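Along the sequence shown, residues are numbered consecutively beginning with 1. This one's a predicted model, so the numbers in the text were calculated from it and none came from an experiment.
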Amino acid sequence: MCSPEYFAVSYEINPWMDAHVPVNRRRAVQQWQQLVRTYESLGHTVEFVEPVRGLPDMVFVANSGVVIGGRVYPARFRYAERRGEEGPYARWFDAHGFVSDGEAAFVNEGEGDFATVGDEVLAGFGFRTDIAAHDEVRSRLGADVVSLRLVDPRYYHLDTALAVLSDDNVAYNPAAFDASSQAWLATRFPHAIVVSETDAAAFGCNAFSDGHHVVVPSGAYEFIDALRARGYDPVPVDMSELRKAGGAVKCCTLELREANAR
Ligand code: ARG
């Protein structure tokens with residue numbers, strides 16, 4: 001995770017961002033700290049990367065890369081505004097023992113567009129990540145990758161449209177995907193929780209699950225009820241400030257799969 005110490009909405013690279021809407025950085029920090037405490041209280045270990053002044057979106061550390069089995073596929077951002085984040089993330093991964101094969105050849109925004117479900121990786125494209133990067137993840141991380149096309153600019157990263165709930169189930173907002181991706185999802189995950197447009201707009205899909213607890217933006221009411229009904233334990237958190245930049249729980253979280261060499 002990365003503190004929103006320098007968080008701001010000073011440019012607009014997704015439909016949620018409005019540089020004229022004031023951001024309360026103190027509140028952003030408080031909400032983020034609450035998220036850190038939530039993870040720690042659930043027994044997770046949180047590692048931190050130092051925020052960098054002038055990189056206001058660095059709090060969205062999910063975009064730093066994809067980590068599987070101690071190997072990292074590093075991000076290569078779509079927009080110049082975020083490309084400065086690549087260096088600090090790469091140095092962090094290196095210093096913490098994660099192996100990479102060097103810079104990514106294709107544009108990709110890390111876990112923002114790659115979601116691990118058991119042994120399979122679901123990969124979004126259409127707005128940020130180049131579909132050619134899906135092949136790079138396949139070859140570098142040895143993962144089975146399924147490409148899903150995103151079609152609604154408000155749900156520009158896969159993690160704004162789909163949440164992994166367990167090794168074999170997900171929740172998603174169908175309208176964010178094209179018809180063939182919707183059909184594939186419906187067949188592959190017959191027990192998926194379908195997230196309504198209202199809950200998706202509350203960033204409900206931008207949730208983090210450990211298989212039982214699901215840390216989820218607090219405004220996604222119906223989704224929270226549905227999680228409970230399915231036996232999950234939802235943990236709602238207020239992410240209203242960070243949402244002004246088009247991010248919430250999952251965006252602020254990169255999962256470090258398999259212990260690093262510290
Ligand atoms: N303002 C950031 C951007 O548009 C938000 C990134 C959200 N991250 C995510 N994993 N969805 O790049």
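- Distance alone, capped at 3.5 Å, places no donor-acceptor pair between the W32 side chain and the M1 backbone.
- The aromatic rings of F98 and W92 lie parallel to each other, with less than 30° between the two planes, well short of the 60° mark.
- In this structure, the side chain of Y232 does not engage the main chain of S209 through any donor-acceptor pair within 3.5 Å.
- S240 and Q31 are linked by a side-chain donor-acceptor pair at a separation below 3.5 angstrom, with hydrogens and angles left out of the test.
- In summary, R154 and E197 engage in a salt bridge, as defined by a charged side-chain N under 4.0 Å from a carboxylate O.
- D168 and S166 share no donor-acceptor pair across their side chains, judged by distance under 3.5 Å alone.
- Between the side chain of H157 and the main chain of C251, no donor-acceptor pair closer than 3.5 Å is present.
- Counted within 6.0 Å of CZ on R149, heavy atoms from surrounding residues, nucleotides or ligands total 12 or fewer; the atom is thus considered open.
- A donor-acceptor contact shorter than 3.5 Å is absent between the side chain of D159 and the backbone of D113.
- Of the candidates R82, E111, R78, N63 forms a side chain to side chain donor-acceptor pair (under 3.5 Å) with just one, namely R82.
- A donor-acceptor contact shorter than 3.5 Å links the side chain of E241 to the backbone of N24.
- Between the side chains of Q34 and R37, at least one donor N or O sits under 3.5 Å from an acceptor N or O.
- Counted by atom type alone, T253 and Y39 present one or more donor-acceptor pairs between their side chains at under 3.5 Å.
- Between the side chain of D233 and the backbone N or O of H212, no donor-acceptor pair lies under 3.5 Å.
- Side-chain atoms of R76 come within 3.5 Å of backbone N or O of A104 as a donor-acceptor pair.
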